Amino acid sequence: MVVIDLKNKNALITGASRGIGAAIAYKLAQAGANVVINYNQNQQPASELANKIKSDFNITPLLFKANISNLQEVKQMKEFIHSNLGKIDILINNTGINKDKLLRNLTDEEWLDVINVNLNGVFYVTREFIGDMIEKRYGRIINISSIVALSGSAGQTNYCASKAGIIGFSKALAREYAKRNITVNVVAPGYIETDMTNKLPEKIKESIINSIPLGRTGKPEDVANLVVFLASDLASYITGEVINISGGLYM
Ligand SMILES: NC(=O)c1ccc[n+]([C@@H]2O[C@H](COP(=O)([O-])OP(=O)(O)OC[C@H]3O[C@@H](n4cnc5c(N)ncnc54)[C@H](OP(=O)(O)O)[C@@H]3O)[C@@H](O)[C@H]2O)c1
């Protein structure tokens with residue numbers, strides 16, 4: 001039997017109060033990791049997740065409210081984690097937002113908000129924690145992009161640009177730190193059932209679902225299973241990859 005054991009590993013998951021991030025935090029804790037749950041606004045679901053992890057696995061997660069597009073808040077999160085847990089081994093850059101509109105109507109603010117959270121946020125968090133992994137000569141960085149970074153998606157120029165940026169960023173980073181035993185990979189989900197996809201108009205949902213070869217939408221747990229694998233020793237020879245998880249929607 002293959003067992004994934006992440007005991008004594010410290011993992012930070014950004015945007016882990018809900019959706020995919022929450023499932024990743026839960027499954028990393030299930031594998032034994034000490035998890036840090038970052039969130040931006042919704043403390044209640046973040047606390048509920050922490051309580052569930054504590055009661056199911058006897059691991060007490062740290063919670064930290066930080067807007068990852070604000071460098072000062074990211075630095076405060078680093079100080080808090082270093083004082084209360086120690087250095088990070090596993091970083092999951094999961095946070096992402098979308099503000100969809102056709103390009104001619106897209107405002108500067110909608111462009112910048114998405115780039116600032118989805119791309120600049122990944123830069124800030126990764127730069128602040130890469131030193132932990134360099135010192136440990138061990139690290140796993142998993143960045144959550146999207147299949148639309150590869151396929152494009154009308155009404156999502158800002159989102160697609162940010163998610164494609166994550167892919168270039170990750171490949172460059174994988175080359176920079178491979179010799180330090182730090183792997184960097186990208187997970188690109190398709191249609192996963194979360195608040196982000198819930199708000200899509202019914203007609204669009206229906207047409208996407210009809211084009212998924214496996215005939216169903218993805219669950220946050222589907223993505224979390226892949227992330228746990230990439231965070232484990234089973235994936236120690238995988239770096240610089242983009243792995244789609246979309247039920248065949250993109251192949
Ligand atoms: N769902 C999909 O079908 C799908 C497909 C492809 C890729 N993705 C990507 O997967 C990732 C997770 O998506 P999801 O669907 O789980 O999203 P979601 O349900 O909307 O959850 C977003 C999470 O990000 C947090 N967050 C938002 N802005 C933040 C900020 N400025 N700083 C820190 N945290 C922030 C939220 O915290 P609060 O609760 O505090 O607001 C929440 O925990 C995203 O990167 C998304 O782009 C999703």
Side-chain angles (χ1 to χ4, degrees), residues 12-27 35-50 61 63-78 91-100 112-126 128 142-153 156 158-167 169-170 186-200 204-205 208-209 211-212 216-224 226-227 242-247 249-250:
L12 167 62
I13 308 99
T14 68
S17 52
R18 301 179 274 128
I20 294 170
I24 293 170
Y26 185 82
K27 292 225 170 214
V35 293
V36 184
I37 296 169
N38 157 253
Y39 65 97
N40 185 36
Q41 285 174 326
N42 291 300
Q43 180 169 355
Q44 198 188 329
S47 302
E48 283 167 10
L49 173 65
L63 289 183
F64 200 87
K65 171 177 162 57
N67 172 355
I68 60 153
S69 67
N70 179 319
L71 180 58
Q72 279 320 106
E73 293 185 25
V74 173
K75 283 180 184 286
Q76 285 161 7
M77 178 163 69
K78 180 169 80 168
L91 169 62
I92 317 296
N93 282 307
N94 165 75
T95 294
I97 61 167
N98 65 324
K99 297 198 170 180
D100 300 350
L112 288 172
D113 282 353
V114 170
I115 299 293
N116 281 335
V117 173
N118 293 10
L119 189 55
N120 295 348
V122 170
F123 162 61
Y124 291 147
V125 175
T126 308
E128 291 307 309
I142 297 149
N143 295 327
I144 309 297
S145 175
S146 167
I147 57 164
V148 299
L150 305 165
S151 66
S153 168
Q156 293 198 300
N158 50 357
Y159 184 77
C160 293
S162 70
K163 293 297 186 181
I166 286 177
I167 294 176
F169 173 86
S170 303
V186 174
V187 167
Y191 186 117
I192 311 297
E193 279 175 39
T194 68
D195 294 344
M196 185 180 272
T197 43
N198 234 344
K199 65 188 182 195
L200 287 170
I204 295 189
K205 277 190 201 169
I208 301 175
I209 294 166
S211 15
I212 301 174
R216 69 164 178 95
T217 54
K219 304 259 184 253
E221 292 70 25
D222 292 317
V223 181
L226 172 59
V227 169
V242 179
I243 302 175
N244 304 321
I245 174 157
S246 70
L249 183 59
Y250 183 82

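Quick note: residue numbers are just sequence positions, from 1. Note that the coordinates shown come from a computational prediction; the quantities given were computed from them, not determined experimentally. Ligands are counted one by one from 1 in listed order, and the atoms in each one are counted from 1 as well.
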Practice prompt. Would you please test Q76 and Q72 for side-chain hydrogen bond (donor to acceptor under 3.5 Å, both in side chains) and show each step?
Written response: CA-CA 6 Å; Q76 285 161 7; Q72 279 320 106; over 6 Å; no

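For F64, the ring pair (Phe, Tyr, Trp, His ring centres under 6.0 Å) partners at least two apart in sequence or on another chain are F80. S145 is linked by a side-chain hydrogen bond (donor to acceptor under 3.5 Å, both in side chains) to nothing, counting only residues two or more places apart in sequence or in another chain. Scanning for side-chain hydrogen bond (donor to acceptor under 3.5 Å, both in side chains) contacts around T126 gives N93, with sequence neighbours left out.
Partner N94 forms a side-chain contact (heavy atoms from CB on, under 4.5 Å) with one of L12, I20, V187 and no other, that one being I20.
Listed by chain and number, G15, A16, S17, R18, G19, I20, N38, Y39, N40, Q41, N42, A66, N67, I68, N94, T95, G96, I97, V117, I144, S145, S146, Y159, K163, P189, G190, Y191, I192, T194, D195, M196, T197 each place a non-hydrogen atom less than 4.0 angstrom from ligand 1.
In this structure, N42 contributes its side chain and P45 its backbone to no donor-acceptor pair below 3.5 Å.
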